[in-house]
Amino acid sequence: MAGRFPQRPTRTTVRGGHAAVPGAAGIPRQTAPARVRRWVPDGPLDLGLTLGPLRRGPADPTFRATADGSVWRASRTPAGPGTVRVRAYGGEVTGEAWGPGAEWLLERLPELLGAADDPEAFVPRHRVVALARHRRPGLRLTRTGLVLESLIPSVLEQKVTTDEAYRAWRLLVRRFGEPAPGPAGVGERPMFVMPAARTWALVPSWEWHRAGVDDKRASTILRAVRVAERLEQAVGMPADRARARLEVVPGVGPWTSAEVVQRSHGAADEVTVGDVHLPGIVGWALAGDRDADDTEMLRLLQPYAGQRHRAARLILLSGHIPARRKPKMPWVDIGVL
């Protein structure tokens, strides 16, 4: 979304229509032509808000937003690695894709942009929620159709600061992933596709340590990638059954499974429990209670049954959060220990 992200070097050929190549610095590129799909959403669509939850930090090597409002994603699909560039103009969305996974990405482009979501089913019950919805009419809940690409970074985010988790994801993907297909994978700031399941399983123990990932989180990821195929099958299940399958993996609990299905399934009702900050934010916004716990949060969100995740997202977007009372959690880099 234009103006929401820092400007990056771009290459724009107005007559040819090929714009905002990530990492461009005037370097010629020899890439296969993109496959293209155009789609018209049935209502307002904000690319930044809809796809923002897929971004793991400002330097995520699998995600980039450029100054012209385009969003780029590099994914490992069932058909292979692929890169998709999405841009919206004049009520129409254009998707361009490269790589073996290009057709898969374009086929599912509408769902990625919230076509399976139903914003009209949401009825605000609080003024702060109603105002947030009015100010963000383009919010849709994305559905990626991919489990592992959300599961691994969610595991990395367990029990640590977001900065630590983002750093670990960035280092591991750049170290063991592969350059993204198409123009996004070359230049000064290339994008990367996350490693395949087998590659994750072969990451040496010292590389986890260098990335600041403790044995518990690394072991959870290793257990998950051993059953990656079974976990990916959860996309075809209802969100509650998908969560149950994910939680069979030791180390994957309710917090992690909710974070995954919110992205893989576009699950509007799967609210995150076990979060350090969310209960206090929801409690403060809806009841003036900054000390609310998970039980109180779920009670306050009960009027939004069926749409509790959307309600929580709107509360977060409202900016109505309590002032910080204590310092941020300290960051301890275990890679230097």
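As the structure is a prediction and not an experimental result, all values here were calculated from the model.
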Worksheet item: So do Arg241 and Arg245 actually touch side chain to side chain, heavy atoms under 4.5 Å?
Response: no

Fill in: Closest heavy-atom pair and its distance - Ala165, Glu157
CB-CG, 3.4 Å

Item to complete: For Gly91 and Val40, work out which heavy atoms get closest and say how close.
Response: O-CG1, 3.6 Å

Worksheet entry | Sole candidate of Arg143, Arg310, Arg140 that passes side-chain hydrogen bond (donor to acceptor under 3.5 Å, both in side chains) when paired with Asp117 | Arg310

Worksheet item: Around Glu229, counting heavy atoms of other residues, nucleotides and ligands shown, do more than 12 lie under 6.0 Å from its CD?
Response: no

Item to complete: Kindly determine whether Thr66 and Trp72 satisfy side-chain contact (heavy atoms from CB on, under 4.5 Å), including the steps that lead there.
Response: CA-CA 8 Å; Thr66 51; Trp72 296 71; 4.0 Å; yes

Discussion item. Measuring from atom CG of Leu246 to atom CE of Met237, what distance do you get when rounded to the nearest 0.5 angstrom?
Written reply: 9.0 Å

Worksheet item: Looking at side-chain heavy atoms only, is the closest gap between Tyr166 and Asp60 below 4.5 Å?
Response: no

Fill in: Flag side-chain contact, heavy atom, 4.5 Å: Thr50 against Leu112
no

Discussion item. Quick one: does any side-chain atom of Arg133 pair with a main-chain N or O of Pro119 as donor and acceptor, under 3.5 Å?
Written reply: yes

Fill in: Pairwise side-chain contact, Val235 with Leu146, heavy-atom cut-off 4.5 Å (strictly under)
no

Item to complete: For Glu164 and Arg167, run salt bridge (Lys or Arg N to Asp or Glu O under 4.0 Å): C-alpha distance rounded to whole Å, both residues' side-chain angles, the deciding distance at 0.1 Å, then the answer.
Response: CA-CA 5 Å; Glu164 289 176 84; Arg167 174 181 177 272; over 6 Å; no

Worksheet item: Sub-3.5 Å donor-acceptor pair from the side chain of His265 to the main-chain atoms of Ala234, do we have one?
Response: yes

Worksheet, complete the sentence: Looking only at heavy atoms, the pair that brings Gly185 and Pro179 closest together is O-CB, 3.7 Å

Practice prompt. Check whether any side-chain heavy atom of Ile315 lies under 4.5 Å from a side-chain heavy atom of Ile321, and answer yes or no.
Written response: no

Practice prompt. Report the distance from atom CE of Met297 to atom CD1 of Ile281, rounding to the nearest 0.5 Å.
Written response: 10.5 Å

Discussion item. Keeping Thr272 on the side-chain end and Ala258 on the backbone end, is there a donor-acceptor pair under 3.5 Å?
Written reply: no

Practice prompt. Tell me yes or no: between the side chains of Ser150 and Glu259, is some donor less than 3.5 Å from an acceptor?
Written response: no

Worksheet item: Do Val203 and Arg175 come close enough that some side-chain heavy atom pair is under 4.5 Å?
Response: no

Discussion item. Please determine whether residues Leu141 and Leu109 belong to a single hydrophobic cluster, defined as Ile, Leu, Val, Met, Phe, Trp and Tyr linked transitively by side-chain heavy-atom distances below 4.5 Å.
Written reply: no

Worksheet entry | Ser70 side chain to Asp68 side chain, donor-acceptor N/O pair below 3.5 angstrom | yes

Worksheet item: Sub-3.5 Å donor-acceptor pair from the side chain of Glu232 to the main-chain atoms of Leu148, do we have one?
Response: yes

Worksheet item: Trp208 versus Ser219: any side-chain heavy-atom pair under 4.5 Å?
Response: no

Worksheet item: Are Leu301 and Trp284 in one and the same hydrophobic cluster, where Ile, Leu, Val, Met, Phe, Trp and Tyr link if side-chain heavy atoms are under 4.5 Å apart?
Response: no

Worksheet item: Is there a side-chain contact (heavy atoms from CB on, under 4.5 Å) between Arg56 and Ser154 once you walk through the steps?
Response: CA-CA 9 Å; Arg56 306 291 180 158; Ser154 294; 3.6 Å; yes

Discussion item. Do Leu171 and Trp200 sit in one hydrophobic cluster, given that two such residues count as connected whenever their side-chain heavy atoms are within less than 4.5 Å of each other, even indirectly?
Written reply: no

Worksheet entry | Carboxylate-amine/guanidinium proximity below 4.0 Å for Glu149 and Arg263 | no

Item to complete: Quick one: do Trp169 and Thr62 satisfy side-chain contact (heavy atoms from CB on, under 4.5 Å)? Show the steps, please.
Response: CA-CA 10 Å; Trp169 172 250; Thr62 70; 4.0 Å; yes

Item to complete: Can you measure from CZ (Arg108) to CG (Leu113) and round to the nearest 0.5 angstrom?
Response: 14.0 Å

Worksheet item: How long is the gap from CZ on Arg170 to CG on Leu156, to the nearest 0.5 Å?
Response: 12.0 Å

Worksheet entry | Check: Asp289 side chain, Gly283 main-chain N or O, donor-acceptor pair, under 3.5 Å | no

Worksheet, complete the sentence: Partner of Glu96 under side-chain hydrogen bond (donor to acceptor under 3.5 Å, both in side chains), picked from Arg35, Arg85, Arg37, is Arg85

Fill in: Contact summary for His126 and Leu300, nearest pair of heavy atoms
CE1-O, 4.3 Å

Discussion item. For the NZ atom of Lys216 and the NZ atom of Lys159, what is their distance to the nearest 0.5 Å?
Written reply: 7.0 Å

Worksheet item: Is the Phe122 ring parallel, tilted or perpendicular to the Tyr304 ring (thresholds 30°, 60°)?
Response: parallel

Fill in: same_hphob_cluster(Leu278, Leu286) at 4.5 Å side-chain heavy-atom cutoff
yes

Worksheet item: Within a strict 4.5 Å, meaning less than it, do heavy atoms of the Arg243 and Pro254 side chains meet?
Response: yes

Discussion item. With a 3.5 Å distance limit and no angle check, can you tell me whether Ser75 reaches the backbone of Thr77 through a side-chain donor-acceptor pair?
Written reply: no

Discussion item. To the closest 0.5 Å, what do you measure between CD (Gln302) and CZ (Arg125)?
Written reply: 11.0 Å

Discussion item. Hydrophobic clusters here meaning ILVMFWY residues chained together by side-chain heavy-atom distances under 4.5 Å, can you tell me if Leu45 and Leu54 are in one?
Written reply: yes

Fill in: Considering all heavy atoms, the nearest Val93-Pro41 contact
CG2-CD, 4.1 Å

Discussion item. Between the side chains of Arg217 and Asp214, is the shortest nitrogen-to-carboxylate-oxygen separation below 4.0 Å, so that they form an ion pair?
Written reply: yes

Worksheet item: Between Asp46 and Leu139, is there a donor-acceptor pair closer than 3.5 Å when you use the side chain of the first and the backbone of the second?
Response: no

Discussion item. Looking at every heavy atom in both Ala285 and Val128, which two are closest together, and how far apart are they?
Written reply: O-CG1, 3.8 Å

Worksheet item: So Arg189 and Arg64, side-chain contact (heavy atoms from CB on, under 4.5 Å) or not? Walk me through it.
Response: CA-CA 10 Å; Arg189 299 180 63 247; Arg64 189 162 298 161; 3.4 Å; yes

